[in-house]
Amino acid sequence: MARFGEFGFEGTSLEAVASDSGLAKSLVLYHFQSKRGLWDAVLDKRVRPLMAVVDRFFEEAEGLDLEDIVRARFELMRKNPQLQRLLAWMSLDAGEMDPNIRERVRRLRARMSQPGSGLPPGVDPAMFLIVLLSAMDGFFRFRSVYAEIGGMEVMGAAAEKQFLETLASMAFPCKESSR
C-alpha cells in the first residue's frame with residue numbers, strides 16, 4: 001500500500017511492489033492477475049470496515065443511520081492516514097471506481113432518497129454525500145492550511161472530535177447526537 005500511497009496507480013510498477021515485498025513479480029501477478037487487481041485488493045482491504053457499516057445500514061441492523069456511516073468513515077480516515085493518499089490518487093489516475101464500491105454508493109443514494117433515512121428534508125442525496133465527503137477529505141488533507149486559516153490547532157484527538165461533532169451537528173441538525 002505504501003507504494004500506491006506515495007506514487008499512485010500510474011506511478012507504481014509491479015516490479016517496485018515486488019521488490020518492496022521481497023517477492024517475485026510473477027508471484028504478485030499470480031495472486032492479483034494485474035496491477036489493477038492489486039490496486040483493487042489494496043483499496044478493498046482498506047475500506048472494508050466502512051463497507052461493513054454500509055452493509056449493516058442496508059440491512060437496517062442495530063438501528064444504524066447516516067450519521068453512523070459518516071462517523072465510521074471519519075474514524076477509518078483518522079486511523080488510516082495512508083488511505084487519504086490512496087483516495088486522492090484514485091481520483092487522479094486509477095480510472096473507474098471499484099464496481100463493489102460503486103454499487104454500494106448507488107444503493108446508499110437510493111436509500112437516502114427514502115423517507116426516514118436521516119437525510120435532512122429537501123436535501124439532494126448526491127449533493128449531501130459530496131458535501132460530507134468533501135468536508136472530511138479536506139479536513140484530513142489540508143489540516144496544516146486550515147490551522148493557519150482558522151488560527152487554531154486542528155491536529156490531535158480533541159480537534160478531530162470537535163470537527164466531527166461540528167460536521168455531524170451541521171449535517172443532521174434535527175438529530176440530538178448522543179455521542
Side-chain angles (χ1 to χ4, degrees), residues 1-57 68-109 126-150 152-164 166-167 171:
M1 178 166 115
R3 241 334 135 166
F4 282 135
E6 188 172 347
F7 301 105
F9 180 81
E10 293 297 329
T12 299
S13 69
L14 282 178
E15 291 82 6
V17 170
S19 175
D20 288 352
S21 63
L23 301 171
K25 178 182 172 185
S26 59
L27 188 57
V28 174
L29 282 170
Y30 174 79
H31 285 285
F32 299 102
Q33 287 73 51
S34 66
K35 182 169 78 167
R36 180 63 187 198
L38 177 60
W39 171 266
D40 289 343
V42 166
L43 282 176
D44 178 64
K45 181 179 180 181
R46 294 298 172 198
V47 299
R48 193 174 296 141
L50 177 61
M51 293 300 104
V53 172
V54 171
D55 289 343
R56 288 186 3 241
F57 174 73
D68 294 310
I69 294 172
V70 168
R71 289 177 179 281
R73 184 178 190 274
F74 186 88
E75 278 303 304
L76 180 68
M77 303 311 283
R78 188 183 68 73
K79 291 177 182 176
N80 297 284
Q82 193 69 359
L83 181 57
Q84 248 328 297
R85 294 180 62 84
L86 279 175
L87 294 176
W89 279 114
M90 184 177 76
S91 70
L92 293 172
D93 69 6
E96 288 190 22
M97 181 184 288
D98 177 270
N100 294 319
I101 295 172
R102 182 185 305 113
E103 176 58 20
R104 284 185 177 99
V105 170
R106 185 199 62 74
R107 288 181 61 200
L108 182 60
R109 283 194 319 263
M127 188 53 67
F128 184 79
L129 283 175
I130 290 168
V131 169
L132 286 175
L133 293 172
S134 298
M136 284 188 271
D137 291 347
F139 178 78
F140 287 108
R141 283 190 198 138
F142 305 113
R143 284 201 252 193
S144 59
V145 173
Y146 296 159
E148 290 294 321
I149 292 170
M152 61 184 283
E153 181 58 47
V154 293
M155 300 298 230
E160 290 167 350
K161 182 177 183 193
Q162 182 180 9
F163 174 84
L164 182 56
T166 301
L167 181 65

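Computed from heavy atoms alone, side chains included, the values below leave out hydrogens, waters and symmetry copies.
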Asker: Would you call Thr12 and Trp39 a side-chain contact if the rule is heavy atoms closer than 4.5 Å?
Answerer: no

Asker: Which distance, rounded to the nearest 0.5 Å, do you find between the CG of Leu14 and the OG of Ser19?
Answerer: 12.0 Å

Asker: Under 4.5 Å between any side-chain heavy atoms of Glu160 and Met77, yes or no?
Answerer: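 No - every pair of side-chain heavy atoms lies 4.5 Å or more apart.
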
Asker: Would you check if Arg107 and Arg104 make a side-chain contact, meaning some heavy-atom pair closer than 4.5 Å?
Answerer: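 Result no, sub-4.5 Å side-chain heavy-atom pair not found.
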
Asker: Do Asn80 and Leu86 have side-chain heavy atoms sitting under 4.5 Å apart?
Answerer: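 Asn80 does not reach Leu86 side chain to side chain.
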
Asker: Taking all non-hydrogen atoms of both residues into account, name the closest pair between Gln84 and Phe140 and its distance.
Answerer: CG-CB, 3.5 Å

Asker: What residues, two or more places apart in sequence or in another chain, satisfy side chain to side chain contact (heavy atoms under 4.5 Å, CB included) together with Ala52?
Answerer: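 Ala52: no side chain to side chain contact (heavy atoms under 4.5 Å, CB included) contacts found.
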
Asker: Side chains of Phe4 and Gln82: closer than 4.5 Å at any heavy-atom pair?
Answerer: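 Not touching, per the 4.5 Å side-chain cut-off.
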
Asker: Using the test ring pair (Phe, Tyr, Trp, His ring centres under 6.0 Å), find all partners of Phe142 that sit at least two apart in sequence or belong to another chain.
Answerer: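 Applying ring pair (Phe, Tyr, Trp, His ring centres under 6.0 Å) to Phe142 gives none.
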
Asker: Rounded to the nearest 0.5 Å, what's the gap from OH on Tyr30 to CG on Leu23? Could you check?
Answerer: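 Taking OH in Tyr30 and CG in Leu23, the distance rounds to 14.0 Å.
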
Asker: Could you give the distance from CG (Leu83) to CZ (Arg46), rounded to the nearest 0.5 Å?
Answerer: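 Going from CG on Leu83 over to CZ on Arg46, the span is 8.0 Å.
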
Asker: Quick check for you: to the nearest 0.5 Å, what is the distance between Phe74 atom CZ and Phe163 atom CZ?
Answerer: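 Between atom CZ of Phe74 and atom CZ of Phe163 there are 6.0 Å.
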
Asker: My understanding is that only residues two or more places apart in sequence, or in another chain, count here; which of them pass side chain to side chain contact (heavy atoms under 4.5 Å, CB included) with Phe32?
Answerer: Val28, Leu38, Ala41

Asker: What heavy-atom pair brings Ala18 and Ala24 nearest, and what distance separates the two atoms?
Answerer: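 For Ala18 versus Ala24, the nearest heavy atoms are CB-C, 3.9 Å.
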
Asker: Taking C-beta and beyond as the side chain, do Met136 and Val70 meet within less than 4.5 Å on heavy atoms?
Answerer: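 In short, these two side chains touch, coming nearer than 4.5 Å.
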
Asker: Which atom names give the shortest non-hydrogen contact between Pro49 and Leu76, and what distance separates them?
Answerer: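 Heavy-atom minimum between the residues: CG-CD1, 4.1 Å.
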
Asker: Enter the distance from Leu27:CG to Lys25:NZ here, rounded to the nearest 0.5 Å.
Answerer: 13.0 Å

Asker: To the closest 0.5 Å, what do you measure between NZ (Lys35) and CD (Glu10)?
Answerer: 5.5 Å

Asker: Could I get the full list of salt bridge (charged side-chain N to carboxylate O under 4.0 Å, His left out) partners for Arg73, not counting sequence neighbours?
Answerer: Asp137

Asker: With sequence neighbours left out, write down each residue that passes side chain to side chain contact (heavy atoms under 4.5 Å, CB included) with Ser13, or none if nothing qualifies.
Answerer: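 With neighbours one apart ignored, the set is Glu15, Ala16.
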
Asker: Going by the rule side chain to side chain contact (heavy atoms under 4.5 Å, CB included), which residues pair with Thr166 if we only count those two or more places apart in sequence or in a different chain?
Answerer: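 Here the qualifying residues are Gln162, Met170.
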
